[in-house]
**Q** 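I have a structure I would like to understand better, so I am pasting it below and will then ask my questions one at a time.
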There are 2 protein chains.
Amino acid sequence: MTADDRSLPLRERKRLRTRRAIADIALRLFTEKGFHATTVEELVGEAEVSRSTFFRAFATKEAAAVEAETELWTTYLGELADRRPSGPVLAGLCDTLARTAGVLPPDWDHRYMATRRLILTSPALLGHVEYQRTGVERQVVACLAEKLGLDPDDLRLRILAELATTAWSVAARDWVRDGGDGGRQALTDRLRDAFAAVPDALNLSPGAS
Amino acid sequence: MTADDRSLPLRERKRLRTRRAIADIALRLFTEKGFHATTVEELVGEAEVSRSTFFRAFATKEAAAVEAETELWTTYLGELADRRPSGPVLAGLCDTLARTAGVLPPDWDHRYMATRRLILTSPALLGHVEYQRTGVERQVVACLAEKLGLDPDDLRLRILAELATTAWSVAARDWVRDGGDGGRQALTDRLRDAFAAVPDALNLSPGAS
DNA sequence: CAGATTCTGACACTCAGTCTCAATAATGCA
DNA sequence: TGCATTATTGAGACTGAGTGTCAGAATCTG
């Protein structure tokens, strides 16, 4: 899947290299000047590709900004598909997310943190990742329904898929806020904490802290 | 809050009437021709207002399409703010949503169903409502944190806020699919079912249907 | 009715995203 | 290696959403 994979045809390698180059430059420019203030025109100038090439690599300006986020969820869905169901489903999703965090490439940390920080500054980006998230959840539900032999409309599956992404979201938010201190281990620790908080949340009542 | 409220100054009444007229025509045109295929130009022609007026009433084309959805969440936040915390928080959120469904104006049903159907046809609209949803959840967390004297970053609050909107979402999806049969009562029944499914979801394991 | 305030419409402008077409680069096969 | 096939690129024109300005009209206050 990487641009240096010699097994891939040259055409494909070039395409992936261009895509990666654009995403890197996009993240840098958006961080420096702001997402809204940076035009696609400037971006493609810096990347030395044409507008056409940009929009062939990414459907929207937003998509170029959140490439690291996309990698995360693509990997998550891949890991989930490979997995055999055993034990409580929610725990399984927690493990899958932890495994995902372990499998992502080393340079992903920095890109993801930059992306998340960027998202905090731009409604358009938040909108884009939230939209992306619903797509991921839909696929998780479909995958689980298939494996467990359940109706894809089962209320419980949707609740589980949503809880998993929420737990990630909360864990990642705090991890990013602390500058990624403690690396992937810290991230997975926070993730387990977030999943552990779910039963507590259901029992939460006023007065009982 | 309605355009016919005589206690409001004339200016305000006109503004609300215009807003409502635009939203109604938008929903009709988008349903007839498709969201993407309908331009703002056509819309304002039909509504007999200028482009400027349109964008003063609604920040984006999407916002005009999902006005009924916006009414729902605005009402929800209002009901939540009025409420005193008692008993389990999740049950409280369920009650608040049920109450919200009861408080919305009679013509809301049709507009909401048309809106939800429209959303299924357009990624841009789905993105918009999902973005809107995160804003609502953020406000719910802030409101609950205030009332319960908890940290707004408390993991459990975010989980609860998310579960509530998920439960609504699932309940409304099925209700809309069945054409709103059974009216508001059917909607609140489905809502209670969805909330009831939450503990089941947590215990879900392969094999146990 | 007069003056202050707010709303409206008209118009020009920027920029994202789409489409077409000709030139170029990679591939597969003789 | 040479050649036909196929995918990729860059250039440029086009649509449409969203913004800013400004003059004039409608509403509000006294």
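So that the names make sense, note that chain A is the first sequence line, chain B the second, and so on, each numbered from 1.
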**Q** To the nearest angstrom, how far is B:Phe54 atom CZ from D:dG20 atom P?
**A** 17 Å
**Q** Write down the distance between CG (A:Leu16) and P (D:dT8), rounded to a whole number of angstrom.
**A** 11 Å
**Q** Should A:Ser50 be listed as having a side-chain N or O under 4.0 Å from OP1 or OP2 of D:dA11?
**A**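 So the side chain of A:Ser50 is outside the cut-off, no N or O lying under 4.0 Å from OP1 or OP2 of D:dA11.
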**Q** Are the side chain of A:Trp175 and the backbone of A:Gly183 linked by a donor-acceptor contact shorter than 3.5 Å?
**A** yes
**Q** Round to a whole Å and report the spacing from CZ of A:Arg51 to P of C:dC15.
**A**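 In whole Å, C:dC15 P lies 11 Å from A:Arg51 CZ.
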**Q** By nearest atom, which of the nucleotides C:dA16, D:dT9, D:dG18 is closest to the B:Phe55 side chain?
**A**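 It is D:dG18.
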**Q** Under 4.0 angstrom, heavy atoms only, what part of the nucleic acid is A:Glu62 near: base, sugar-phosphate, or nothing?
**A** sugar-phosphate
**Q** Tell me the interatomic distance from B:Glu48, atom CD, to C:dA10, atom P, rounded to whole angstroms.
**A**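 Whole-Å distance recorded here is 12 Å.
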**Q** How long is the line joining CZ of A:Arg56 and C1' of C:dC21, in whole Å?
**A** 11 Å
**Q** Rounding to a whole Å, what distance do you find between B:Arg13:CZ and C:dC7:C1'?
**A** 16 Å
**Q** From the options D:dT9, C:dA16, D:dG18, select the nucleotide whose nearest atom is closest to the side chain of A:Val40.
**A**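 Looking only at side-chain atoms, A:Val40 lies closest to C:dA16.
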**Q** Could a donor-acceptor pair under 3.5 angstrom be found where the side chain of B:Ser52 meets the base of C:dG9?
**A**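 Answer is yes: a donor-acceptor pair is held.
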**Q** Considering only C:dG17, D:dT8, C:dC7, which nucleotide approaches the side chain of B:Arg15 most closely?
**A**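 Nucleotide nearest to B:Arg15's side chain: C:dC7.
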**Q** Which whole-number value in Å describes the distance from B:Phe58 CZ to D:dT19 P?
**A**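 So the two atoms are 15 Å apart, to the nearest Å.
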**Q** Could you check whether B:Arg111 pairs with B:Glu69 (Lys NZ or Arg NE/NH1/NH2 to Asp/Glu carboxylate O, under 4.0 Å)?
**A**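 Salt bridge flag = no for B:Glu69 with B:Arg111.
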**Q** Under 4.0 Å between a side-chain N or O of A:Lys14 and OP1 or OP2 of C:dA26?
**A**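 For A:Lys14, the contact criterion (side-chain N or O under 4.0 Å from OP1 or OP2 of C:dA26) is met.
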**Q** Expressed in angstrom and rounded to an integer, what is the separation of A:Leu43 atom CG from C:dC15 atom P?
**A**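 Distance, rounded to whole Å: 13 Å.
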**Q** Using 30° and 60° as the class limits, which term best fits the ring planes of B:Phe54 and B:Phe58: parallel, tilted or perpendicular?
**A**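 Taking B:Phe58 first and then B:Phe54, their aromatic rings sit tilted (interplane angle of 30° to 60°).
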**Q** Sequence neighbours excluded, which residues qualify as ring pair (Phe, Tyr, Trp, His ring centres under 6.0 Å) partners of A:Phe30?
**A**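 By the ring pair (Phe, Tyr, Trp, His ring centres under 6.0 Å) rule, A:Phe30 matches A:Phe35.
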**Q** Out of C:dT8, D:dT8, D:dG18, which nucleotide sits closest to the side chain of A:Arg11?
**A**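 Selected nucleotide (nearest to the side chain): D:dT8.
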**Q** Is the shortest heavy-atom distance from the side chain of B:Glu42 to the side chain of B:Glu46 under 4.5 Å?
**A** no
